[in-house]
Amino acid sequence: MKNFVEELKWRGMLHDMTPGTEAQLNKEMTAGYIGFDPTASSLHIGNLATIMLLVHLQRTGHKPFALVGGATGMIGDPSGKSEERKFLDEEVLKHNQTCIKKQLEKFLDFDSGANSAEMVNNYDWFKEIGFLQFLREVGKHLTINYMISKDSVQKRLETGISFTEFSYQLLQGYDFYWLYKNKNIKLQMGGSDQWGNITTGTELIRRKESGEAFALTTPLLTRSDGQKFGKSEGGNVWLDANMTSPYKFYQFWLNVADDDLPKLLRVFTLWDRETIEAFDKEADKNKVKRELAKDLTTRIHSESDYQQALKASELLFKGTLADFNATEERILNEIFEGVPQIEISQSEYKNTSSIVDFLSVVTQNQIFTSKGEARRMLKEGGVSINKEKVSEATSMQFEFLKGKYLLVQKGKKNYFWVKIG
RNA sequence: GGGGAGAUUCCAGAGCGGCCAAAUGGGACGGACUGUAAAUCCGUUGUUGUAAUGACUUCGAAGGUUCGAAUCCUUCUCUCCCCA
């Protein structure tokens, strides 16, 4: 059996841990948990990095718990946030919890004997606790001085922080305490921004129970240019196929920076050290990215989703018009499932007077939100139809692929599959 | 309760009666170069277009003053700071 801490170390996934953590893990099978707040209906690849901690924990023989923050999600974690957030309403939270739970189930083994994964929701123990009880049980044990010294709070002192968000660490601390007492969980993990919240928990456990609990964090993923990792084209990369299609997801990994590759391979794949180090030396970086993208798309989505994403990518980026025409229509529609599709009618097409109208209003502003934008982009040479650059003067005489499709390209990487029928 | 500062285009942040659709920076988007990379360079970044020193809508909200307001006045809403 591999050693958990060693495994994290060589993967560069260990940011910090409390003294004695390693000894505890070596001593016995240890239960550890990570919390996920239901702030959205899907987890994103930033969460995936911490999920991997749980995966490794289980693979090295320990027992992973995934906590869904039904209660903490109602409060809002001030960590890393520069301002107070709006509450999500309960309906949305409920929905998000269900969705996230489903996603988490994909990554962990819930049927592996003693170290089977388990899922808990902190709403289950918070719903019964009253304010007075909470103050007596939790508040009494921690000083304001201690709470204020936390980084997440310090950063907000200037701009303002509500009592509610200030209290967040108490809730998370109580989670840890509750899990320690009731589930024998001795370790809490998370991103490095969670250190303060986690240690509030170990502190609470120490003071209330004289117990020893441990904290372990992983570095927050950043891109080589210092930016937050996991954003793409203005949005998060979600694990939910309805929010980020497998094609987009696959493309995201294909487009990561070369310099980030070593880090990404270590954090997101389960490949062993030799394999990864061999990839480090590989000169053809795109080949490595294809492997990375394949591994992740297959694991997060499925083998067939990967196959489709791959086919779509090859056809869009490398295919010729002949390739399009040679592919069965049914197959085309299938593999372009993740590519934005737009449908317009014959008459709409016929009545389109200019290419500017076509790219904006006729295609329901899905390609360009305004005529001005379309015009601008045309001028800049950023639009192709059926792989040919077009300009504002180009007339609407296009040859349809398979008799009824047009392939519109905005920039190099944004494709639209327009059906006229 | 008293005193002060502020709300500007995606964000930060200038402008403080006409030259303001609004500086600058960031972001975003496009182009060139490449490898569907990074870096770099160039361009775009309210809508509309008879492309024009054009029209229209924008500078927290509503009114007002003025030939003319993001800029002045009144009321309102919100935010922050200091004192109690």
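Values below: all heavy atoms of this structure, side chains included; hydrogens, waters and symmetry mates excluded. Per chain, numbering begins at 1; letters A, B, ... match sequence-line order.
- In this structure, A/Tyr415 atom OH and B/U36 atom P are separated by 10 Å, rounded to whole Å.
- Below 30°, between 30° and 60°, or above 60°: for A/Tyr405 and A/Trp417 the angle between ring planes is below 30°, a parallel geometry.
- Closest to the side chain of A/Glu392, from the set B/A51, B/U36, B/A38, is B/A51.
- Annotation: B/U9 and B/C42 have their C1' atoms spaced 24 Å apart (nearest Å).
- Picking from B/U48, B/U34, B/A38 the nucleotide with the shortest atom distance to the side chain of A/Lys412 gives B/U34.
- When heavy atoms are screened at a 4.0 angstrom cut-off, A/Lys389 is found touching the sugar-phosphate backbone but no base atom.
- The C1' atoms of B/U24 and B/A61 are separated by 29 Å, rounded to the nearest whole Å.
- Following rounding to the nearest Å, A/Lys410 (NZ) and B/U36 (C1') show an atom-to-atom distance of 17 Å.
- If you run ring pair (Phe, Tyr, Trp, His ring centres under 6.0 Å) between A/His301 and each of A/Phe249, A/Tyr250, A/Trp238, only A/Phe249 comes through.
- Out of B/C33, B/U36, B/U47, the shortest distance to the side chain of A/Lys318 is found at B/U36.
- The side chain of A/Lys285 contributes no N or O atom lying less than 4.0 Å from OP1 or OP2 of B/U36.
- Look at CD on A/Glu380: it is 11 Å from P on B/G43, rounded to the nearest Å.
- Remark: B/U47 base-pairs with B/A55. Criterion, Watson-Crick or G-U wobble with two distances under 3.5 Å.
- Within the 4.0 Å cut-off from OP1 or OP2 of B/G35, not a single side-chain nitrogen or oxygen of A/Asn255 is found.
- Counting atom types as modelled, A/Arg376 pairs no side-chain N or O with a base atom of B/G30 as donor and acceptor under 3.5 Å.
- Rounded to whole Å, atom C1' of B/U36 lies 13 Å from atom CG of A/Asp284.
- Close to B/U48, at under 4.0 Å from its OP1 or OP2, lies a side-chain N or O of A/Ser370.
- Note that A/Lys410 lies outside the cation-pi zone of A/Phe416, set by a 6.0 Å cut-off to the ring centre and a 45° limit from the axis.
- Remark: the separation of the P atoms in B/C20 and B/A55 is 15 Å, to the nearest Å.
- Evaluation of atom-type donor-acceptor distances gives a pair under 3.5 Å for the side chain of A/Asp258 against the base of B/G35.
- Rounded to the nearest Å, the gap between the C1' atom of B/C81 and that of B/C72 is 26 Å.
- Distance check on atom C1': B/U79 versus B/G30 gives 38 Å, rounded to whole Å.
- Atom NZ in A/Lys387 sits about 11 Å away from atom P in B/U36, given to the nearest Å.
- Taking atom CG on A/Leu254 and atom C1' on B/A37, their separation rounds to 10 Å, with Å as the unit.
- At the heavy-atom level, A/Lys371 lies under 4.0 Å from the strands shown only through sugar-phosphate atoms.
- Atom C1' of nucleotide B/U34 and atom CG of A/Asn286 are separated by 10 Å, given to the nearest angstrom.
- Look at B/C41: its Watson-Crick or wobble partner, with both distances under 3.5 angstrom, is B/G31.
- You'll find the ring centres of A/Tyr415 and A/Tyr247 outside the 6.0 Å limit.
- Remark: A/Arg266 engages A/Asp280 in a salt bridge, criterion side-chain N to carboxylate O under 4.0 Å.
- A salt bridge is defined here as a Lys NZ or Arg NE, NH1 or NH2 lying under 4.0 Å from an Asp or Glu carboxylate O, and A/Arg376 with A/Glu380 fails to meet this definition.
- Remark: B/U77 base-pairs with B/A7. Criterion, Watson-Crick or G-U wobble with two distances under 3.5 Å.
- Comparing the same atom, P, in B/G46 and in B/C41 gives a spacing of 23 Å after rounding to whole Å.
- Distance from the side chain of A/Arg375 is smallest for B/A51 among the nucleotides B/G30, B/A37, B/A51.
- Across all strands shown, A/Val383 has no heavy atoms under 4.0 Å from either base or sugar-phosphate atoms.
- With rounding to whole Å, A/Phe252 atom CZ is found 13 Å from B/A37 atom C1'.
- Judged by atom type and distance alone, A/Glu373 does not reach the base of B/U45 through any side-chain donor-acceptor pair under 3.5 Å.
- Summary of the strand contacts: A/Glu314 and A/Thr369 both lie near RNA chain B, and taking for each the nucleotide with the nearest heavy atom, the more 5' one is attributed to A/Glu314.
- For the C1' atoms, the distance linking B/A52 with B/G4 amounts to 48 Å, nearest Å.
- In this structure, B/G1 forms a base pair with B/C83, meeting either the Watson-Crick or the G-U wobble geometry with both donor-acceptor distances under 3.5 Å.
- When each of A/Leu54, A/Thr218, A/Leu8 is tested with A/Met189 by the rule side-chain contact (heavy atoms from CB on, under 4.5 Å), just one qualifies, namely A/Leu54.
- Across every strand in view, B/C67 sits in a pair with B/G18 that passes the Watson-Crick or G-U test at under 3.5 angstrom.
- Shown here is A/Lys106, whose NZ atom has more than 12 heavy atoms of other residues, nucleotides or ligands within 6.0 Å.
- In this structure, of B/A37, B/C29, B/G35, it is B/A37 that holds the atom nearest to the side chain of A/Lys413.
- Atom name C1', nucleotides B/A23 and B/G15: the rounded distance is 8 Å, in whole Å.
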